[in-house]
Amino acid sequence: KLPVSGYYKASEKAFEIPGLSDGFIAQGISYDDREDTFFITGYMKDKSASPVYLVKKSEGKKAKAKTLYLKKQDGSDYTGHCGGLTVRGDYIYVAGGGKHCLYAYSYAEALAAEDRSSLACKGEFKIESEDKSDYLGVAFVTVWDNELVAGEFYREQNYPTPDAHKRVTKSGETNTAMAVSFAFADGTEGAGETSFELKKQPSKAISMPGLVQGAYFENGKAVLSTSYGVAFSHLYEYDLEKAATGETAKLLGKDLPLYSLDHSSLEKDYKIAPMSEEIVLVGGKTYVMCESASNKYIFGKFTGAKWCYATDLAEWK
């Protein structure tokens, strides 16, 4: 903990990550203020059905999670790498990874379901061009104002991205991944223009570095969570006004306004504990999901990583 003591000093233990002793490998986190509830996703070491856990924020360290097991559209268990998620409106949007889509689940059904029951998939929201020549393997999902943002993870050895997603930034480095946003429907759309309360046409392209596991866009800032393996993780904070390039980029077959998260818009770099995953900002604090205390990696069990920490970045010394 010593190399990241500033992180722990600025943080508090919010709740214990559920399922760690059962083989759960935590990935995603989203907060629903309607029910004061965190939704948490991941996958299972034994490749059994991937769960979603519902944890009441107000219950703090004593919170008991409700467990739901995800199904695919055909009714079989979803056993894949269940990555990030976000909860908005009538749906829970779950990252589809290599499937180039978001899986949509019913928010109302999740609330009504009994503990340890299944949750049916309502369908897929595709994130690919019409001719399928360009696509996004979704690793994380978040919300920026009234738009959903889906982003990919890049590591050349095992998670390459399309060459068209790599861009040399004005500060000189090469960004290797992209995110794309889709506006939420407002009721003015024509027939066939929306799917699962999202407009089908993308709105923005966001150029990013590699190793991004999660993000949030709040208060004129973008914060990225990056990690891989046992190296220390980072939270990178960017100024979105500086990130607006005034240019366009072709993504998913469309010319989109381009934002670039690079050194020219980077404001702060926070080094935190290894294996950070998705993040969410709630009440001014950054909640960080982490996978190091799972039975797959184990070492986090001895470094306090069984907890989801809530960090006040403004208090970081």
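These numbers were taken from a predicted model, which means no experiment stands behind them.
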Who are the salt bridge (Lys or Arg N to Asp or Glu O under 4.0 Å) partners of [X], not counting sequence neighbours?
X	value
Glu35	Lys56
Lys126	Glu124
Glu189	Lys199
Asp32	Arg34

For a quick test of your reading: what N or O donor-acceptor pairs under 3.5 Å do the side chains of residues 280-289 make, sequence neighbours left out?
residue	atom	partner	partner atom	Å
Lys285	NZ	Glu12	OE1	3.4
Lys285	NZ	Glu12	OE2	3.1
Thr286	OG1	Tyr216	OH	2.7

Test: Lys204 and Glu147 ion pair at under 4.0 Å: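 Glu147 and Lys204: salt-bridged.
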
Run the ring-ring contact (aromatic ring centres under 6.0 Å, His included) test against [X] and tell me which residues pass, sequence neighbours left out.
X	result
Tyr270	Trp316
Phe15	Phe38
Tyr259	Trp144
Phe24	Tyr53

Residues forming a side chain to side chain contact (heavy atoms under 4.5 Å, CB included) with Ser207, sequence neighbours excluded: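 Counting only residues at least two positions away or on another chain, Ser207 forms a side chain to side chain contact (heavy atoms under 4.5 Å, CB included) with Arg167, Asn175, Met178, Leu258, Ser260.
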
ring-ring contact (aromatic ring centres under 6.0 Å, His included) pairs, two or more places apart, involving residues 162-192: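 Those involving residues 162-192 are Phe125-Phe182.
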
All pairs passing side-chain hydrogen bond (donor to acceptor under 3.5 Å, both in side chains) where residues 88-105 contributes a residue, at least two apart: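 Sorted result for residues 88-105: Arg88-Asn146.
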
